[in-house]
Amino acid sequence: MSISSEHKPLGKQVTGSLHMLSPIVELNVGGEMYTTTLSTLKKHPGSKLAEMFTGQPKLKTDSEGRFFIDRPGTYFKYILEYLRSNQVPTQCIQDVYKEALFYDIEPLIKQLEDSPQIFGELVARKQFLARVPNYSENIELMIRIARAEAVASRRSSVIVCVVRTEEDAARCQDALNSLDMDKKSVVKFGPWKAAPSISDLLDCIQMDVEAKGYKISFQPHIAEKGFRFKSHDFFYKFLFTWW
């Protein structure tokens, strides 16, 4: 992008209040370089981004005098495009949403939350998982168990018990008592009061473990002989593959 000689960008001469400086600003956002104007950055006065460029400079500069923001530079172009033209991004929605939250650009946040991707995650899936007791803690427990069993192995497995109702929880406990295994190594999810099914929860578990970088799959766990219930009613084996 060409820059008019009448307005040289802010550079190593940064001193004093920003309102006394050139309206053209050069930015280094996580290693990505951008050129824009103060008015664009301050378009939404209540935002954190606007506050960065209001009054005394609140940002450090790089070796070339560009203001440095320690955030993913790849997605800042979508933030900048919105500030310039009110264009809501249609790509990288989840990542842009995180950046909009960081910069506290309220109008963009609200518009992104109306998108199917964010709406489905925040209003549907997250609200469901909030009703599953200790969901996040159980995800972390699964990972700890799998990692502990991964020594000198290509794969490790974690047995998960999933119960939707209080009645199933009681039956599951009876089933656990009849299992010939270390009951502490069985991770229990549920019960919950919401419409999604057991298969929906299993999909959520897989999604959230994979989001942490793990390769994982699951299948019904078939118990040994002497088991008093159909084990696949409650028990599933999650398989972590390490290499």
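Note: hydrogens, waters and symmetry copies are ignored here, and every other heavy atom, side chains too, is used. Position 1 is the first residue of the sequence, and the numbers go up from there. Since this is a predicted model, take the numbers as computed values, not measurements.
- For the pair Ser217/Phe240, no side-chain contact is recorded, criterion being any heavy-atom separation below 4.5 Å from C-beta on.
- For Met207, the side-chain contact (heavy atoms from CB on, under 4.5 Å) partners are Arg125, not counting sequence neighbours.
- Not a single donor-acceptor pair under 3.5 Å links the side chain of Arg66 to the backbone N or O of Glu26.
- For Asp208 and Tyr135, the side-chain atoms include at least one donor-acceptor pair closer than 3.5 Å.
- Within the 4.5 Å cutoff, no side-chain heavy atoms of Lys237 are placed close to those of Val158.
- A pairwise comparison of heavy atoms in Pro72 and Val29 identifies O-CG1, 4.2 Å as the closest pair.
- A distance-only check finds no donor-acceptor pair linking the side chain of Thr40 to the backbone of Thr36 [under 3.5 Å].
- Distance check: Lys42 NZ to Leu83 CG gives 13.5 Å after rounding to the nearest 0.5 Å.
- Looking at Thr74 and Asp95, their side chains never come closer than 4.5 Å, going by heavy atoms from C-beta outward.
- Atoms CD and CD1, on Gln94 and Ile118 in that order, are 4.0 Å from each other to the nearest 0.5 Å.
- One finds no salt bridge joining Lys48 and Glu106 here, because no Lys/Arg side-chain nitrogen approaches an Asp/Glu carboxylate oxygen to under 4.0 Å.
- Residue pairs satisfying the disulfide bond (SG atoms under 2.5 Å apart) criterion with at least one member in residues 80-171, sequence neighbours excluded, are listed as follows: Cys161-Cys172.
- Separating the CG atom in Leu41 from the CZ atom in Phe53 is a distance of 5.0 Å, to the nearest 0.5 Å.
- Although no hydrogens or angles enter the test, the distance criterion places no donor-acceptor pair under 3.5 Å between the side chain of Trp242 and the main chain of Lys215.
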I'd like to know whether Leu80 forms a side chain to side chain contact (heavy atoms under 4.5 Å, CB included) with Tyr34, so could you lay out the CA-CA distance, the side-chain angles of the two residues, the decisive distance to 0.1 Å, and finally the verdict. CA-CA 9 Å; Leu80 203 53; Tyr34 294 94; 3.9 Å; yes

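- For residues 143-152, the set of pairs meeting the side-chain hydrogen bond (donor to acceptor under 3.5 Å, both in side chains) definition, not counting sequence neighbours, comprises Arg147-Tyr214.
- No donor-acceptor pair under 3.5 Å is formed between the side chain of Asn134 and the backbone N or O of Asn138.
- Here the CG-NE2 distance, from Asp104 to His44, works out to 11.0 Å after rounding to the nearest 0.5 Å.
- Here Arg71 pairs with Glu99 under the salt bridge (charged side-chain N to carboxylate O under 4.0 Å, His left out) rule; sequence neighbours left out.
- If you chain together hydrophobic residues whose side chains sit under 4.5 Å apart, Leu49 and Phe102 fall into the same group.
- In this structure, the side chains of Ile145 and Met142 stay at 4.5 Å or more apart for every pair of heavy atoms.
- Taken together through direct or relayed side-chain contacts under 4.5 Å among Ile, Leu, Val, Met, Phe, Trp and Tyr, Phe68 and Val25 form parts of separate hydrophobic clusters.
- For Lys126, the salt bridge (charged side-chain N to carboxylate O under 4.0 Å, His left out) partners two or more places apart in sequence, or in a different chain, are Glu121.
- Of all heavy-atom pairs spanning Tyr78 and Pro89, the tightest one is CD2-CB, 3.9 Å.
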Could you check Lys60 against Asn28 for side-chain hydrogen bond (donor to acceptor under 3.5 Å, both in side chains), going step by step and ending with a plain yes or no? CA-CA 10 Å; Lys60 295 181 179 180; Asn28 176 344; over 6 Å; no

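- For Glu51, there are no side-chain hydrogen bond (donor to acceptor under 3.5 Å, both in side chains) partners two or more places apart in sequence or in a different chain.
- Counting non-hydrogen atoms of other residues, nucleotides and ligands closer than 6.0 Å to CD of Glu137 gives a total above 12.
- Both Leu101 and Ile93 belong to a single network of hydrophobic side chains, linked directly or stepwise wherever heavy atoms of I, L, V, M, F, W or Y lie under 4.5 Å apart.
- Under the 4.5 Å side-chain heavy-atom criterion for Ile, Leu, Val, Met, Phe, Trp and Tyr, Leu239 and Val151 are members of distinct hydrophobic clusters.
- Not a single salt bridge (charged side-chain N to carboxylate O under 4.0 Å, His left out) links Lys110 to another residue, sequence neighbours left out.
- Ile143 and Leu129 fall within the same hydrophobic cluster, where Ile, Leu, Val, Met, Phe, Trp and Tyr residues are linked whenever their side-chain heavy atoms come under 4.5 Å apart, directly or through other members.
- Using modelled atom types, no side-chain atom of Ser153 and backbone atom of Ser156 make a donor-acceptor pair closer than 3.5 Å.
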Assess whether side chain to side chain contact (heavy atoms under 4.5 Å, CB included) is satisfied between Ile79 and Val96, documenting all intermediate values. CA-CA 7 Å; Ile79 299 292; Val96 177; 4.2 Å; yes

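- Side-chain atoms of Ile198 and Val163, non-hydrogen and from C-beta on, never get closer than 4.5 Å to each other.
- Counting only heavy atoms from C-beta outward, the side chains of Tyr82 and Val88 approach each other to under 4.5 Å.
- Annotation: side-chain hydrogen bond (donor to acceptor under 3.5 Å, both in side chains) contacts of Gln219 (sequence neighbours excluded): none.
- Residues passing the side-chain contact (heavy atoms from CB on, under 4.5 Å) test with Phe128 are Val132, Trp192, Ala194, Pro196, Leu201, Cys204, sequence neighbours excluded.
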Steps toward side chain to side chain contact (heavy atoms under 4.5 Å, CB included) verdict (Ile205, Phe189): CA-CA 10 Å; Ile205 294 171; Phe189 287 85; 3.8 Å; yes

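- Summarising the geometry, atom CD belonging to Gln111 is positioned 11.5 Å from atom CD1 belonging to Ile105; distances are rounded to the nearest 0.5 Å.
- Under the 4.5 Å side-chain criterion, counting only non-hydrogen atoms from C-beta, Leu122 is in contact with Glu113.
- For the side-chain contact (heavy atoms from CB on, under 4.5 Å) test, residues two or more places apart in sequence or in another chain that qualify with Ser85 are Glu81, Gln87.
- Not a single donor-acceptor pair under 3.5 Å links the side chain of Asp168 to the backbone N or O of Pro191.
- A 4.5 Å side-chain heavy-atom check between Met52 and Ile69 finds at least one atom pair inside the cut-off.
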Evaluate the side chain to side chain contact (heavy atoms under 4.5 Å, CB included) criterion for residues Leu27 and Phe76: first the C-alpha distance (whole Å), next the side-chain angles of each, then the deciding distance (0.1 Å), finally the verdict. CA-CA 10 Å; Leu27 301 173; Phe76 189 74; 3.7 Å; yes

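- Sparse packing is recorded around NZ of Lys98, with 12 or fewer heavy atoms of other residues, nucleotides or ligands lying under 6.0 Å away.
- Applying the side-chain hydrogen bond (donor to acceptor under 3.5 Å, both in side chains) test to Ser136 and every residue at least two apart in sequence or in another chain returns nothing.
- The side-chain contact (heavy atoms from CB on, under 4.5 Å) check on Asp203 picks up Phe218, with sequence neighbours excluded.
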